[in-house]
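The next block holds one structure in the form of structure tokens; read it before the comments.
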Number of protein chains: 2
Amino acid sequence: MNIGDVATRAGLPAKTIRYYEDIGLIRPLRDQNGYRAFREADVHKLVFLGRARALGFSIDECRALLALWEDRDRASADVRRIATDHLAQIEAKIADLQDMRDTLGTLVRKCAGDDRPDCPILKSLAAPDQ
Amino acid sequence: MNIGDVATRAGLPAKTIRYYEDIGLIRPLRDQNGYRAFREADVHKLVFLGRARALGFSIDECRALLALWEDRDRASADVRRIATDHLAQIEAKIADLQDMRDTLGTLVRKCAGDDRPDCPILKSLAAPDQ
DNA sequence: GATAAGGGTTCCAGTCACTGGAAGGTCAAG
DNA sequence: CTTGACCTTCCAGTGACTGGAACCCTTATC
């Protein structure tokens, strides 16, 4: 299978698939003409990667998850640890963003948003504590 | 004032302050010896920038906010628009992360996390719909 | 006067995960 | 034979820094 078909099937840009080969996540074969020749297993890996990336796992975490996926003797505890760590990061990020949203939301509600210069948003940025 | 003192007062790394000069956000003077010479106005700008960055505004948004801050004839509507747009992005990001958290949280709760290979997390990554 | 510590300076490279684009090879259809 | 859609590699750019090398300036101490 050529890269275009794989891209469609895996829902990833061809560029991204080439990049994943570059960094050693996949190892497609090559046809005589130099084209990448993907097997079903490669497509499955790419779907896996796309899904893991969509859940926000870093490339390194994806690499680890892929290795575990291919390891019949894995302990699910190892997978769970990666997922739990990542979940904690997501939750921290959500908390950060919620703080931003709350602060910014309050400021936006206080701002008249008219043609006058007076602006609580700028005031707060200049002197957050007052 | 030298960069070290400014860094302390503004709560930004000296490297970041140099970078902000590089990209034209600030224009400190120079001493005879080549050292940057910061005025109070520079420090205020840097505090402003640090605060705006902490609220997640991009550098370009910071640049626009800074320009509005310095413009006595600004309309608060312009500030409000930037903030509202950014708020929408934050909310979208929060929604994305919450989806990730929900999906991942469910999977983590289903995973035994023991020394056996069976793992709902990997299963879901391989075939999300089943 | 030499030296060391603790500032400061510039410039280059690396981060992360792609993405865009140039320049060129391959293949099937008309 | 040409057109167009594929494919290839390689290089550069993204955002917002961050690390490090190599070097200069100032002050204090021996």
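Reminder, nothing fancy here: chain letters follow the sequence lines and each chain counts from 1. Quick caveat: nothing in here was measured; it's all calculated off a predicted structure.
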Ala14(A) and Ala7(A) have their tightest heavy-atom pair at N-CB, 4.0 Å
If you look at every heavy atom in Asn2(B) and Phe38(B), which pair is closest and at what distance?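 Smallest interatomic distance, heavy atoms only, reads C-CD1, 4.1 Å.
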What is the distance, to the nearest angstrom, from the [atom1] atom on [X] to the [atom2] atom on [N]?
X: Asn2(A); N: dG25(C); atom1: CG; atom2: C1'; value: 14 Å
X: Gln32(B); N: dG8(C); atom1: CD; atom2: C1'; value: 16 Å
X: Ile3(A); N: dC27(C); atom1: CD1; atom2: P; value: 16 Å
X: Glu61(B); N: dG15(D); atom1: CD; atom2: C1'; value: 12 Å
X: Asp31(B); N: dT26(D); atom1: CG; atom2: C1'; value: 12 Å
X: Asn33(B); N: dT27(D); atom1: CG; atom2: C1'; value: 13 Å
X: Arg30(B); N: dG8(C); atom1: CZ; atom2: P; value: 12 Å
X: Asp5(B); N: dG7(C); atom1: CG; atom2: P; value: 10 Å

Produce the list of close N/O pairs, under 3.5 Å, pairing protein atoms with atoms of nucleotides 16-19 of chain C; give distances to one decimal.
from    : atom 1 : to       : atom 2 : distance (Å)
dA17(C) : OP1    : Ile59(A) : N      : 3.2
dA17(C) : O3'    : Arg53(A) : NH2    : 3.3
dC18(C) : OP2    : Tyr20(A) : OH     : 2.6
dC18(C) : OP2    : Arg53(A) : NE     : 2.9
dT19(C) : OP2    : Thr16(A) : OG1    : 3.4

For atom CZ of Arg39(B), is the number of surrounding heavy atoms from other residues, nucleotides or ligands below 6.0 Å larger than 12? yes
Show me the side-chain donor-acceptor pairs of residues 86-96 of chain A shorter than 3.5 Å, one per line, residues at least two apart or across chains.
from     : atom 1 : to       : atom 2 : distance (Å)
His86(A) : NE2    : Leu55(A) : O      : 2.7
His86(A) : NE2    : Gly56(A) : O      : 3.3
His86(A) : NE2    : Phe57(A) : N      : 3.4

CG/Leu107(B) to CG/Leu125(B) distance, rounded to the nearest 0.5 angstrom?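 It is 7.0 Å, given to the nearest 0.5 Å.
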Quick one: pull up NZ in Lys123(A) and SG in Cys111(A) and give me the separation to the nearest 0.5 Å.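 Here the rounded value is 10.0 Å.
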Arg36(A), nearest nucleotide to its side chain (from dT26(D), dG8(C), dT9(D)): dT9(D)
To the side chain of Arg18(A), which of dT9(D), dT26(D), dT9(C) is closest?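 Selected nucleotide: dT9(D).
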Here's a test for you: under side-chain contact (heavy atoms from CB on, under 4.5 Å), which of Thr16(B), Ile26(B), Leu25(B) qualifies with Leu46(B)?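 The side-chain contact (heavy atoms from CB on, under 4.5 Å) with Leu46(B) is passed solely by Ile26(B) among Thr16(B), Ile26(B), Leu25(B).
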Output yes when at least one side-chain N/O atom of Arg63(B) is less than 4.0 Å from OP1 or OP2 of dA16(D), else no.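 So the side-chain polar atoms of Arg63(B) never come under 4.0 Å of the phosphate oxygens OP1 or OP2 of dA16(D).
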